[in-house]
Chemist: 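I'd like to ask some things about the structure below.
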Number of protein chains: 2
Amino acid sequence: MKAGFLQYSPVFCDPEKNLLKLSEMLDKAPDSDLLVLPELCNSGYNFESREQAMAFSENLNDSKFIDFLQGYCQKRNTWIASGINERSGDSLFNSAILVGPAGLVGKYQKIHLFLNEKDIFSPGNAGLPVFDTPKGKIGLLVCFDWIFPEVWRILALKGADVICHCSNLVLPGFAQRSVPVHALLNHVYVITANRIGTEKDLTFTGMSTIADPSGNVICQSPPENEDIAVFDLDFALARNKQITPRNNLFVDRRPELYKDLLTL
Amino acid sequence: MKAGFLQYSPVFCDPEKNLLKLSEMLDKAPDSDLLVLPELCNSGYNFESREQAMAFSENLNDSKFIDFLQGYCQKRNTWIASGINERSGDSLFNSAILVGPAGLVGKYQKIHLFLNEKDIFSPGNAGLPVFDTPKGKIGLLVCFDWIFPEVWRILALKGADVICHCSNLVLPGFAQRSVPVHALLNHVYVITANRIGTEKDLTFTGMSTIADPSGNVICQSPPENEDIAVFDLDFALARNKQITPRNNLFVDRRPELYKDLLTL
């Protein structure tokens with residue numbers, strides 16, 4: 001299983017140039033089974049208004065961005081997890097999609113919105129799905145979700161081998177430091193694809209990361225450069241939750257004592 | 001607020017020598033408002049049998065160990081969180097207690113047992129209390145609890161300013177690497193007091209740690225030496241869960257989407 005990420009700077013509010021840029025990056029990528037792209041990859045991030053975000057959103061049933069990704073997945077027999085500015089009726093969602101050779105596999109709508117995203121996007125209501133693909137079980141998160149341990153746990157409990165974390169991180173390194181610990185606590189692989197570059201007042205912090213189920217950092221990109229990383233991952237490691245001969249990470253949970261998580 | 005830990009090697013199955021050793025350590029400690037001691041501090045850890053553990057357990061209503069801690073707390077006007085081998089009827093619990101100048105404030109019974117602890121101790125059923133003291137709100141965890149993000153979250157949701165993590169860690173550094181991230185994800189202080197030394201086949205890994213609500217490591221002890229650390233903590237930082245002008249760590253949670261945490 002070869003999986004990794006593209007770290008680059010999507011082109012803001014210019015879909016044609018944006019696809020050209022993405023195409024250049026993908027052409028440079030080695031063969032893979034799964035590639036993770038940053039958050040809001042079809043549009044850029046730092047919108048001046050909801051109207052501007054709406055103008056560069058796409059309906060997932062009729063999306064040039066998804067068509068383009070599917071073309072690559074067909075040609076290279078791979079799967080791509082990517083952030084996307086999703087229009088659904090009158091609502092916008094900061095979503096992540098999984099695309100394979102046959103097209104859209106499924107989506108996740110970001111449930112924890114950051115700062116001014118609250119003026120633009122609706123909080124996701126599509127739950128926390130895990131997608132069973134020929135390459136493995138894949139969960140999706142978006143950026144600020146990183147600070148909520150609940151969502152990593154839920155995806156792992158649902159059987160995710162790898163959690164693809166499409167990001168436009170701006171805080172200095174907090175998420176990149178935490179992601180390997182989420183991997184360790186849930187014994188899963190995590191791939192955080194973060195973007196670089198600047199949009200108006202926001203500078204994105206790169207440092208895209210792959211972490212293994214023991215919390216080891218397999219690779220971490222520099223903060224400011226484009227980067228493409230693809231590494232061999234062994235999903236059998238993520239499926240074995242036996243962390244000592246007598247301790248199973250999930251069997252040892254005591255959910256009857258965790259009720260406060262839903263009520264406090 | 002001055003808080004810290006003692007890192008040392010409790011004396012195995014010899015209560016008198018054990019109290020002498022602890023007394024030496026406490027006499028060297030600077031003034032504090034809260035001190036955290038390792039797991040099973042009244043007895044040592046690596047028992048040959050349940051009978052041996054029973055022989056060196058104490059009933060919390062009649063405990064020389066607690067009397068001793070209370071004496072120190074009275075003399076120095078401080079509070080101590082400590083691991084204790086607790087006997088309750090015919091059951092043993094791997095517990096943590098909070099002791100102040102007036103004596104026992106409360107207890108937590110370890111809910112996630114590690115390896116052969118399962119032959120000796122009953123899994124805790126006293127919930128996950130947070131104790132409101134004149135020094136601040138204090139939560140307790142014991143050692144292997146570290147790998148369950150649920151319990152850190154619950155104590156923080158209950159208002160803990162600091163989580164005292166009484167430990168006899170044997171795995172190489174996993175917990176010590178994770179504890180600062182638990183502090184960050186929950187915006188609380190964490191004090192992990194880990195022991196050093198060897199008992200039969202087990203070597204304990206030291207590296208006791210204090211982490212602040214931003215996930216910074218305030219201090220981390222060496223793996224093999226005795227150490228006493230007391231630092232100034234500002235609990236106002238832990239009480240402010242506003243992490244950006246528009247993001248509150250707890251208000252932004254979506255518990256209606258977290259139900260799988262209790263059912264999977």
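By convention in this document, chain letters (A, B, ...) are assigned in the order of the sequence lines, proteins followed by strands, and residues within each chain are numbered from 1.
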Chemist: Do you know which two heavy atoms are closest between A:Ile154 and B:Leu264, and how far apart they sit?
Modeler: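 So the two residues come closest at O-CD1, 4.5 Å.
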Chemist: Quick check on A:Leu257 against chain B: is it the side chain, the backbone, both or neither that has a heavy atom closer than 4.5 Å?
Modeler: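 Answer is both: backbone and side chain atoms of A:Leu257 are under 4.5 Å from chain B.
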Chemist: With chain A, which of B:Asn186, B:Val151, B:Leu157, B:Thr263 has the greatest number of heavy-atom pairs at distances under 4.5 Å?
Modeler: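 Sorted descending by pairs with chain A, the first entry is B:Leu157.
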Chemist: Set out, in order, the CA-CA distance, both residues' side-chain angles and the distance that settles side chain to side chain contact (heavy atoms under 4.5 Å, CB included) for B:Val181 and A:Leu185, then state yes or no.
Modeler: CA-CA 11 Å; B:Val181 173; A:Leu185 300 179; over 6 Å; no
Chemist: Can you establish whether the number of heavy atoms outside A:Glu224 located under 6.0 Å from its atom CD is more than 12?
Modeler: no
Chemist: For residues B:Gly215 and A:Arg177, report the shortest heavy-atom separation together with the two atoms involved.
Modeler: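 So the minimum-distance heavy-atom pair works out to O-NH1, 3.0 Å.
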Chemist: Applying side chain to side chain contact (heavy atoms under 4.5 Å, CB included), run through A:Ile243 and B:Phe144 and close with a yes or a no.
Modeler: CA-CA 11 Å; A:Ile243 52 174; B:Phe144 185 56; 3.7 Å; yes
Chemist: Measuring from B:Leu115:CG to A:Thr244:OG1, what's the distance to the nearest 0.5 Å?
Modeler: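 One finds 4.0 Å between CG of B:Leu115 and OG1 of A:Thr244.
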Chemist: Return the option, out of B:Glu150, B:Glu256, B:His182, B:His112, with the maximum number of heavy-atom pairs under 4.5 Å with chain A.
Modeler: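 Heavy-atom pair counts peak at B:Glu150.
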Chemist: Between B:Asp119 and A:Arg246, is there a side-chain N and carboxylate O pair less than 4.0 Å apart?
Modeler: yes
Chemist: Measure A:Trp146 against the heavy atoms of chain B and call it side chain, backbone, both or neither at under 4.5 Å.
Modeler: both
Chemist: Check whether more than 12 heavy atoms from other residues, nucleotides or ligands sit under 6.0 Å from atom CD of B:Glu48, and answer yes or no.
Modeler: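 It does not: B:Glu48 CD has 12 such atoms or fewer within range.
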Chemist: Checking the side chain of B:Asn247 only, and the main-chain atoms of A:Leu113 only, is there a donor and an acceptor separated by less than 3.5 Å?
Modeler: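 Yes, the answer is positive, given that a donor and an acceptor are paired below the 3.5 Å cut-off.
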Chemist: Picking from A:Gly127, A:Pro123, A:Pro245, which has the most non-hydrogen pairs under 4.5 angstrom with chain B?
Modeler: A:Pro123
Chemist: Does some side-chain heavy atom of A:Asp260 sit less than 4.5 Å from a side-chain heavy atom of B:Leu128?
Modeler: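 No. Closest side-chain heavy atoms not under 4.5 Å.
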Chemist: For A:Arg254 and B:Asn125: C-alpha separation, side-chain torsions, deciding distance, then whether side chain to side chain contact (heavy atoms under 4.5 Å, CB included) applies.
Modeler: CA-CA 10 Å; A:Arg254 307 272 317 268; B:Asn125 279 312; 3.1 Å; yes
Chemist: What heavy-atom pair brings B:Leu249 and A:Phe148 nearest, and what distance separates the two atoms?
Modeler: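 Looking at all heavy atoms of both residues, the closest pair is O-CE2, 3.5 Å.
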Chemist: Around atom CG of B:Asp232, are there more than 12 heavy atoms from other residues, nucleotides or ligands closer than 6.0 Å?
Modeler: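 Yes, enclosed.
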Chemist: Tell me, out of B:Pro149, B:Gly124, B:Pro255, who's got the most heavy-atom pairs with chain A below 4.5 Å.
Modeler: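 Of the candidates given, the most pairs with chain A belong to B:Pro149.
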Chemist: Check the pair B:Asp252 / A:Lys118 against side chain to side chain contact (heavy atoms under 4.5 Å, CB included), numbers first and verdict last.
Modeler: CA-CA 11 Å; B:Asp252 281 1; A:Lys118 296 185 181 196; 2.9 Å; yes
Chemist: Could you give the distance from CG (A:Leu262) to OH (B:Tyr258), rounded to the nearest 0.5 Å?
Modeler: 10.0 Å
Chemist: Treating B:Arg253 as the side-chain partner and A:Leu261 as the backbone partner, does any N or O pair qualify as donor plus acceptor under 3.5 Å?
Modeler: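 Pair found, side chain donor or acceptor close to backbone of A:Leu261.
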Chemist: Need one label for A:Asn116: side chain, backbone, both or neither, based on atoms under 4.5 Å from any heavy atom in chain B.
Modeler: both
